Amino acid sequence: MKSARDLRELFSYRELIVVLARREIRARYKYSLLGAGWAVALPVALMLLFSVVFARVASFDTGGVPYPVFAYIGLLPWQLHAGMLTGGARSLIDNRALVTKVYFAREVLPLSRALAALFDFGVAALVLAGLMAWYGIVPGPGAWLLPLVLLAQIAFGVGLAMLVAGANLLYRDVQYVLQVVVTVWMFASSVVYPLPREGWLGRLSYVNPITPFLDAYRCLLVGGRFDPGELAAATGISLFTLVAGWYWFRRVERCFGELA
Amino acid sequence: MSSPGVVFKDVWKRLPRRSEVSTLAELLYALPKRALQRRGEDGLLSHEFWALRNLSFELQPGETLGIVGPNGAGKSSILKLIFRIFRPDRGEVRARGRVTGLIELGAGFHPMLSGRDNVFINGSILGMRQREIRRKYDSIVEFAELAEFMDMPVKNYSSGMHARLAFAIAAHADPDVLLVDEVLAVGDASFQNRCYEWIENRRRQGCCIVIVTHQMQVVQSATRCLYLNEGNPVVLADPAPVIDRYLRDQAESMERTDAQPPASPGITQVQLLDERGHPVHETTAGAPVTVRVHWKFPQPVSGPVVTLDLLHDDPRFLISTPGGNLAQLSSGNALAGEVAQGSGSFDVRIDGLHLPVGMYSVRAAVKAHGAFTAAMRREDALRFEVRRPAGSESHALIELPQHWSIAAQVRQAAEPFDEP
């Protein structure tokens, strides 16, 4: 019953989540040169970079999909994931003044970061539409299922952010560890190349939900390989992470105010 | 009888003395120690202390509780417990309705965003709905008197404007419980008066108010007063007796410090003497006093320059000067020909101590003539209180010695106006 009360409390702060996300987006876009372009700059730059590099060095079997499209569909959700994770992890420490001075449901902070990351995702997705139009690719009817995959991915990202945010407030070096983890994680997933499915690397996709999510996005948008078993495992892990992350967050949240 | 607005029931709160472990690396080392550590008989780990011990009280709607006590007594912990930033380790804390704190005005202001944006963000943090803020927006701007500045980024605001906007937002949150922690030490006097007026208004409408302050005149207007010392509730009663007890304890603790033998060479003691040469810890504004500085120099100091900085307990008096002092007594060149060695004392006679009323501390320093850095320094060498002279009706900050006479006057018979 306690968790029902916690949920109700969190729901009463729903406006604050939106307000804080908007604060972040505004502050970022109002005072930077590119404005909304920032959300697009990083995935586009990475997409161009990898297109040039992999055209020279190696070629992958992308199942007939032009490499820039293949890479961008990987980079887009990956940026969302990395943004929710690193942004959410920093959310408490960046708002230390608030956490130690004012009471509100603390989940608001990582959630508002996730919402801001989602906004960036939306802006960057417009480029994908342009890119697919350029190559003359029309998504199949399965594209209607994309929001479901997105929901599962968000559950995973938010859960992880909640797991990490508290630790990041308590121990300052967590964020450095996190940077390494995020970088390695990107290349251990099928972000800019298809992962080989033989041997231990193939089994990795059962414990790393990101690869099945990316496969699902690609399959629904441009076609490609897809393993329902992997996606089921990924969704299960995501939901578990969300529940565990929230439970953990609630447990450590009591001592946040004492860290002033 | 209506239900209480704030309830503390046998509340204990434990806090760490300092954050013992702040990195993962330190945590790895600390884990085995933590696993072995047991709480002592007092219920504490070695790095913890009781910030509050067994505190109980109830506040009815419309009551104001003033909290006094020396620094570190646990005053702010009470506010944080009501605000749910802290959770009690034992006992129970309940607050009814919307709790708003004037604890850190403007926490959560984003410096890059405009005043208008920040009204909506800050209001939302304080628990207001966006619709509610839109409805109250004009009134907030009017209260803050910042109509022309709402589109300016908050980073360009002065500290006074910052405080005004923050207070105006908090004032419109319609709290049922209001927590005030010394914040009103910013802003000009007329704005402060408006704040206190508003707080009083809120109270009459049935809001519970909890105020932490060192300004006794603020506490005096409370309906009840709590005196805390090292986490222990000492007394909870009407303000007048509690304030008396608190001031008496403070004076006693000052005398205890006097009795301690001088620990190190330098300035060993600073005393305030009244007209008859008796050491005192309180004096009235304008009274003649002598400040006696006892010294002990093992090495000779030639042409000693003694400087005494007078610091007022109210930080408002200190922030504007580079040295942070309200007044300074300096021997300058007066002792230029002297050489001080061994031990002795200097006297500074002051014909009239025309200082604002309040608590003072004295910082003493000695340097050799021509030297840049002080040879000896002593913080908090003396503490004393300046009181308003008995029978004084003035509410001015300072009363100056004055003699009035008529300098010139032209006598003229009153002429009736000519009717047209």
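Note that this is a predicted model, so its numbers are computed, not measured. Basis for what follows: all heavy atoms, side chains included, without hydrogens, waters or symmetry-related copies.
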Might you point out which heavy atoms bring [X] and [Y] nearest each other, and give the distance in Å?
{"X": "A/Val19", "Y": "B/Ile121", "value": "CG1-CA, 3.6 Å"}
{"X": "A/Val102", "Y": "B/Ile85", "value": "N-CD1, 3.6 Å"}
{"X": "A/Lys101", "Y": "B/Phe83", "value": "O-CE2, 3.2 Å"}

Nearest 0.5 Å, what's the [atom1]-[atom2] distance between [X] and [Y]?
{"X": "A/Glu24", "Y": "B/His110", "atom1": "CD", "atom2": "NE2", "result": "8.0 Å"}
{"X": "A/Leu98", "Y": "B/Phe109", "atom1": "CG", "atom2": "CZ", "result": "11.0 Å"}
{"X": "A/Arg26", "Y": "B/Leu113", "atom1": "CZ", "atom2": "CG", "result": "7.5 Å"}
{"X": "A/Phe104", "Y": "B/Arg84", "atom1": "CZ", "atom2": "CZ", "result": "12.0 Å"}

Greater than 12 external heavy atoms within 6.0 Å of A/Trp248's CH2: no
Does B/Arg94 CZ have over 12 foreign heavy atoms under 6.0 Å away?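 No, because the 6.0 Å sphere around CZ of B/Arg94 holds 12 heavy atoms or fewer from other groups.
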Quick one: what part of A/Val177 sits under 4.5 Å from any heavy atom of chain B, side chain, backbone, both or neither?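 Just the side chain, heavy atoms under 4.5 Å.
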Could you tell me which residues in residues 129-136 of chain B have at least one non-hydrogen atom under 4.5 Å from a non-hydrogen atom of chain A, sorted by residue number? B/Arg129, B/Gln130
